[in-house]
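A short write-up of the structure that comes next.
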Amino acid sequence: MAPIKRIGIITSGGDCGGLNAVIKGVAREAYALGIESVVIPNGYAGLYNLVELPEVVYLNAERVSRIEASLAGSEAGHSRVKISKIKDDKKYDRIKDGLKKFGIDALVISGGDDTGSVVVDLTSHGIPCIHVPKTMDLDLQPYSVGGDSSINRIAVFTRDLKTTGLSHNRVLVIEVFGRYVGHTALRGGVGAEADCILIPEIPVDFDVVYEHMKTTYFGRVMRSDVKAGTYIIVVAEGMKNANGEMLYDESAGVDAFGHKKLAGAGKFVRQQLEKRLKTDPQVAAFMKQSGMYAPGVYEIPEVREVTPGHLVRCGGSSAYDVNFGYKTGAAAVFLLISGKGGVTVVNVDGDRIYFEETSEAIKRREVDIHEISLYESLGTCFGRKVETYAYTFVEVKDKIVRHL
Ligand code: F6P
């Protein structure tokens, strides 16, 4: 294999924390090894159109220093374009022409499962590329850049919402991104000590949620000397009802990867709770005992949904994501120069760079629901009847893969 002289960097899918650290990790490691790196802007859309770009941005030391790793988003830009779906029979030739035009020998591509599937596709067309795992959804592998930043933001927003929830004695339902898995809702929700967390891995029984809400929230208000209380639910956008059906607003349409845009889980939860509050004879008694009852005006507690949307993946990157992004970006360069292609950086642990075939790495990782019953034993509701935590002890004797 001819030595790699220039690497193109692509970020693709949804943006999130830590991506700028990936870019800097690639650029700085490449520079240290005497390799140039350039930005291919706007994800795979940019790769497809590279041949028509008048110039690309070289990441020399000065340009790299102007990228702020602690900011979320990506200096390279994003799109949700799947190359195989582009209606152009000559698309792979066009991409190769673009790479040739700028002397780009190989690619480092950071993204999630859809992005990874394109890495597999490009590799099969003879384009050397390495995948750096990125997804706030955390559905790829034990860790991907972006997850920690989003979890922290979800936890902070949820915790902040408690002050307004408490002031108005409202039940608050916070719907968060995460697509078909509940990693961020779970970790962010636990981080904010939410009362109830609803994730796609557990079909929701709303009678269970309602009863937990009543016991927790009614009790909280009644015990308070100023009769104040709130109840916090964090719901993953991909939540399913008791029949295992996902609940989202059909009118939201699909994204460029062809996935349904998920929206509406929070609204559905609110409606389910309101329906029960309106028909429960104990509610009027609670409202009267707590001194809140106002006939015809305020007869049931208010339930509100809040949808932070893109706020959970913008703004700043956590220090953890900067660490993970830097080292996995650098590791991608070592994998490229060793002639590897079509693989995903799993982790860097000391002097070991762990990697896996990208076709394997992009298989969906769900929340391990064994852990849920532990949180249930601590009082959190997950929309199902509480299950006993079944555990086993494992004594660690060998060194295990660490992330930091
Ligand atoms: O995959 C990351 C993610 O943030 C999902 O959690 C969410 O469903 C989706 O992207 C939103 O995508 P977009 O930014 O294209 O609306």
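As the structure lists them, so they are numbered: ligands from 1, and atoms in each ligand from 1. Residue indices begin at 1 and follow the sequence shown. The structure displayed is predicted, hence computed values, not measured ones.
Here the heavy atom of the protein found nearest to atom 10 (O) of ligand 1 is Arg80 NH2, 2.7 Å.
Residue contacts with ligand 1: Asp137 is included, with a non-hydrogen atom under 4.0 Å away.
Geometrically, ligand 1 and Thr135 share no nitrogen or oxygen pair separated by less than 3.5 Å. Looking at Gly178 next to ligand 1, an N or O pair under 3.5 Å apart turns up.
Atom CD of Glu371 is separated from atom CD1 of Ile369 by 11.5 Å, given to the nearest 0.5 angstrom.
Centroid-to-centroid, the aromatic rings of Phe177 and His310 come within less than 6.0 Å.
Counting heavy atoms of neighbouring residues, nucleotides and ligands inside a 6.0 Å radius, atom NZ of Lys82 exceeds 12 of them.
Residue Met136 has at least one heavy-atom neighbour below 4.0 Å for each of these atoms of ligand 1: 4 (O).
A salt bridge links Asp207 with Arg276: the distance from a Lys NZ or Arg NE/NH1/NH2 to an Asp or Glu carboxylate oxygen falls below 4.0 Å.
Aromatic ring orientation, Tyr320 versus Tyr143: perpendicular (interplanar angle above 60°, classes split at 30° and 60°).
Remark: among candidates Glu237, Lys261, His310, Arg313, the nearest residue to atom 16 (O) of ligand 1 is His310, based on non-hydrogen atoms.
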